[in-house]
Every structure is written in structure tokens, then in C-alpha cells.
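This report refers to the structure that appears directly beneath it.
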Amino acid sequence: VQLQASGGGFMQAGGSLRLSCVLSGGTLSNYAMGWFRQAPGKEREFVAGITWDASYTDSVKDRFTISRYNYKNTVYLQMNRLKSEDTAVYYCAADSSRAEIATQMAGYDYWGQGTLVTVSS
């Protein structure tokens, strides 16, 4: 299984970006999916996850939306009302257990390469 994340870029505060993650070598419906991010000098943190339900870290609730389209093998992260503190490398991840949405890195089996989001204030 391979994950390819894309869609990062530079945006002013208050703007929007949509990240994509394409899963290849497998079937998306077999995985719970997550987005994590890592800001400079900080640890990688959970942002959002999705099975048949979705979960978000508090700092992005009501601003970010995770969605999945199994027929496209693609997961999206729609990011609205961006803030400077959202600046980070964003990673998508796949969890083959599908039992629940894992919020720790150890809960995921596969990782994408990351896409950089820079938000200017």
C-alpha cells in the first residue's frame, strides 16, 4: 500500500485549502484513514480521522472536514478559515484494523510522504 498526499501550498490566514490522499495497492474501504501534521520543532499530531464516522482534534473542529470516496480510493481534508498555527507538513495515514479512529501514530500502518501547508498571517 502506498499513500500519495497532495494539495499543500501557501495561503493567507482566513483562506482555504483542500488536501488529497490517494491510496494505491489496496482498497480504501479496508482502512480507517487519518491526517496528521507536524509543525517545525514540534511532534507530529493527530488532526482528523475517518472510518464511517469522523473525529477531529479540538483546534480544527468546525474549520476542517475529512471525507472519503472509496470508489476513488481518495481521502480529502478540507481546511477552511486557516490560521498561522495550521502551518505544518500534513501527512495522511492508513490503519488496516478499521476498529476505531486512532489518534496516535502507532495506530497506523502506512504513511504518505507529507505535503507542506504554509499559512501567512
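The minimum heavy-atom distance linking A39 with A88 is given by the pair N-CB, 3.8 Å. In terms of heavy-atom proximity, A54 sits nearest to I66 at CB-CG2, 3.8 Å. Across all non-hydrogen atoms, the minimal contact from A48 to L77 is CB-CD1, 4.1 Å.
Here W35 contributes atom CH2 and E45 contributes atom CD; the two are 14.5 Å apart, rounded to the nearest 0.5 Å. Here SG of C21 is found 10.5 Å from CH2 of W111. Values are rounded to the nearest 0.5 Å. Considering OG of S16 and CZ of R81, their distance stands at 9.0 Å, rounded to 0.5 Å. Here CG of L19 is found 9.0 Å from CD of Q78. Values are rounded to the nearest 0.5 Å. Taking CZ from F10 and OG1 from T118, the interatomic distance works out to 7.0 Å, rounded to the nearest 0.5 Å. A distance of 7.5 Å separates OG of S24 from CG of L3, quoted to the nearest 0.5 Å.
Cluster annotation: M79 is connected to Y56 through the hydrophobic network of ILVMFWY side chains, with a link wherever side-chain heavy atoms come within less than 4.5 Å. Neither I101 nor V75 shares a network with the other; the hydrophobic side chains, linked directly or stepwise wherever heavy atoms of I, L, V, M, F, W or Y lie under 4.5 Å apart, form separate groups for each. Both V47 and M33 belong to a common hydrophobic cluster when Ile, Leu, Val, Met, Phe, Trp and Tyr are linked at side-chain heavy-atom distances under 4.5 angstrom.
Side-chain N or O atoms of N73 include none that pairs as donor or acceptor with a backbone N or O of V22 at under 3.5 Å. Although no hydrogens or angles enter the test, the distance criterion places no donor-acceptor pair under 3.5 Å between the side chain of S20 and the main chain of S6. Under the 3.5 Å distance criterion, the side-chain polar atoms of D109 are left unmatched by any main-chain donor or acceptor of D95. In this structure a side-chain-to-backbone donor-acceptor pair under 3.5 Å is missing from Q12 to S121. Of the possible donor and acceptor atoms, one in the side chain of T115 sits under 3.5 Å from a partner among the backbone N and O of G8.
Other residues, nucleotides and ligands place more than 12 heavy atoms under 6.0 Å from the CD atom of E85. A 6.0 Å sphere centred on CD of Q104 holds no more than 12 heavy atoms belonging to other residues, nucleotides or ligands.
Annotation: cation-pi pair R18/Y76 present, NZ/CZ under 6.0 Å from the ring centroid and within 45° of its normal. Geometric assessment of R68 against the ring of W52 yields a negative cation-pi assignment under the 6.0 Å and 45° thresholds.
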After noting the C-alpha distance and the side-chain angles of L23 and T74, does the key distance pass the side chain to side chain contact (heavy atoms under 4.5 Å, CB included) rule?
-> CA-CA 6 Å; L23 184 149; T74 302; over 6 Å; no
Might you work through the side chain to side chain contact (heavy atoms under 4.5 Å, CB included) test for R44 and M105, ending with a clear yes or no?
-> CA-CA 8 Å; R44 195 172 300 186; M105 289 180 59; 3.7 Å; yes
Could you give me the CA-CA distance, side-chain angles and deciding distance for N80 and F64, then say whether side chain to side chain contact (heavy atoms under 4.5 Å, CB included) is met?
-> CA-CA 6 Å; N80 298 329; F64 290 10; 5.9 Å; no
Can you check side chain to side chain contact (heavy atoms under 4.5 Å, CB included) on V89 and R37, steps first, answer last?
-> CA-CA 5 Å; V89 177; R37 66 186 179 187; over 6 Å; no
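Side-chain contact between L116 and Y90: absent, with no pair of heavy atoms (C-beta onward) separated by less than 4.5 Å. Residues S29 and Y71 fail the side-chain proximity criterion, which asks for heavy atoms closer than 4.5 Å.
Of the N and O atoms on the side chains of T51 and D53, not one donor lies less than 3.5 Å from an acceptor on the other residue.
Ion pairing between K83 and D86 fails under the 4.0 Å rule for side-chain N and carboxylate O.
You'll find the ring centres of Y108 and F36 inside the 6.0 Å limit.
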